[in-house]
Number of protein chains: 2
Amino acid sequence: METVERLIRSTQELLWERGYVGTSPKAVQRASGAGQGSMYHHFSGKAELARAAIERSGAEMRAKAAEELGTEGSAVERISAYLGRDREVLRGCPVGQLAADPEVVADPELRGPVDETLSWLCGRLAEIVAEGKENGEFPASVAPERLAATIVATLQGGYVLARAAGSEEPFELAIEGLLELIA
Amino acid sequence: METVERLIRSTQELLWERGYVGTSPKAVQRASGAGQGSMYHHFSGKAELARAAIERSGAEMRAKAAEELGTEGSAVERISAYLGRDREVLRGCPVGQLAADPEVVADPELRGPVDETLSWLCGRLAEIVAEGKENGEFPASVAPERLAATIVATLQGGYVLARAAGSEEPFELAIEGLLELIA
DNA sequence: GTCTATACACTGATAGAC
DNA sequence: GTCTATCAGTGTATAGAC
């Protein structure tokens, strides 16, 4: 694999595992096998490298969700399938978790791809809820953007509860509770 | 105010603002006005100080929620009041946000008070949902611990979406969406 | 493109004087 | 209890050779 690619992938892993503040250029170099000079040749510094990594993680997350939400089936079925798919719950969401990091939130270049990813997800879910309304799966009173936000928030918050508890259980409970409300 | 108290309160603020990894003993000293020697006289180090601060923040959060959830009114009214109260959304949850920090999650002494606080909240909400079931506010099919987990997750995830978006709007949407499902 | 050398502030403490 | 001195290690680069 090329150096740039190895740098980006190593940074993705480290951001997921340690957050932005907790990820040092030195750690990226060690993980990727690239030297100091090499890293600074390809990227201006930590922030630019992190931006590339976050954009990549966001793109991967969107691609996966797009696939799961684009299948045949009713709106409720597709939402259930998306919510129920296997996740590394205790590691947290590779993208959403970065929203807890003050340096990410403070830098538009870093917050941007996080925002885009979660906003895209809310928008896509809102489309599906709207389709469900047309098919009579949801009452006319349901507001698609609201329900979509609730779905994404429950997922993101489920990760928080699970990591706090050191157990996947509260994540599962939260998802099941949401599905009971929807179905 | 006594030195210990100033140290704890400054650490609470810094943990909220910067997270555990991003909070240095030196920053705590600056913020509290305590010197190096003073800080290390009262606390063995960063971890012990952080534990005291997290316990304090957790206690404050529980006290506030207990008050709001202990008022007169139906279950749905109390849950709505709790969800709708004013929050500093863009700062995130002072306790829940720490679950994104790998060093907090890895250290039982630090994760403990985070877990206790969120678990207590889930438990208290489950009691209220159970009361609501008895009064016919919720169908018998509702599982209290599941709905409680969904409520807390929506809140915690709402913070995540808001910080990612740099706007309180998705937080509001997620809460409103949840209330529509419940009511 | 990649390497090594250098730099300077900050991190998280410990030691001993007062 | 609080102060100052000291310290080895890390963070985040820049400079210049190869």
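Reminder, nothing fancy here: chain letters follow the sequence lines and each chain counts from 1.
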Within this structure, what is the [atom1]-to-[atom2] distance between [X] and [N], rounded to whole angstrom?
X     : N      : atom1 : atom2 : answer
B:E48 : C:dA13 : CD    : C1'   : 14 Å
B:M39 : D:dT2  : CE    : P     : 13 Å
B:K26 : D:dG11 : NZ    : P     : 16 Å
A:R18 : D:dT10 : CZ    : P     : 13 Å
B:L14 : C:dG12 : CG    : P     : 12 Å
A:Y20 : D:dT12 : OH    : P     : 8 Å
B:Q29 : D:dA5  : CD    : P     : 15 Å
B:H41 : C:dG12 : NE2   : P     : 22 Å

Are [X] and [N] close enough that a side-chain N or O sits under 4.0 Å from OP1 or OP2?
X     : N      : answer
B:S24 : C:dC10 : no
A:T3  : C:dG1  : no
B:K46 : C:dG12 : yes

Starting the side chain at C-beta, find the nucleotide from [options] nearest to [X].
X     : options               : result
A:Y40 : D:dA13, C:dG12, C:dT2 : D:dA13
A:Q36 : C:dA5, D:dT4, D:dT2   : C:dA5
B:H42 : D:dT2, D:dT12, C:dG12 : D:dT2
B:P25 : C:dG12, D:dG11, C:dC3 : C:dG12

| Checking B:S32 side chain against B:S10 main chain: does a donor-acceptor pair fall under 3.5 Å? |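 No; zero donor-acceptor contacts below 3.5 Å.
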| Would a distance-only check, ignoring hydrogens and angles, find a side-chain to backbone donor-acceptor pair under 3.5 Å from A:R163 to A:L90? |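 It does hold such a pair.
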| task | For A:A27 and for A:G37, locate the closest nucleotide of DNA chain D by heavy-atom distance; then report the residue assigned to the nucleotide nearer the 5' terminus. | result |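 Result: A:A27.
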| Flag side-chain contact, heavy atom, 4.5 Å: A:R51 against A:P113 |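 Sidechains of A:P113 and A:R51: in contact.
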| query | Hey, are the side chains of A:H41 and A:V4 touching, using non-hydrogen atoms and a 4.5 Å cut-off? | reply |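 No, every pair of side-chain atoms sits at 4.5 Å or beyond.
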| query | Given B:E68, which of B:R85, B:R124, B:R78 fulfils the salt bridge (charged side-chain N to carboxylate O under 4.0 Å, His left out) condition? | reply |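 Result for salt bridge (charged side-chain N to carboxylate O under 4.0 Å, His left out) with B:E68: B:R85.
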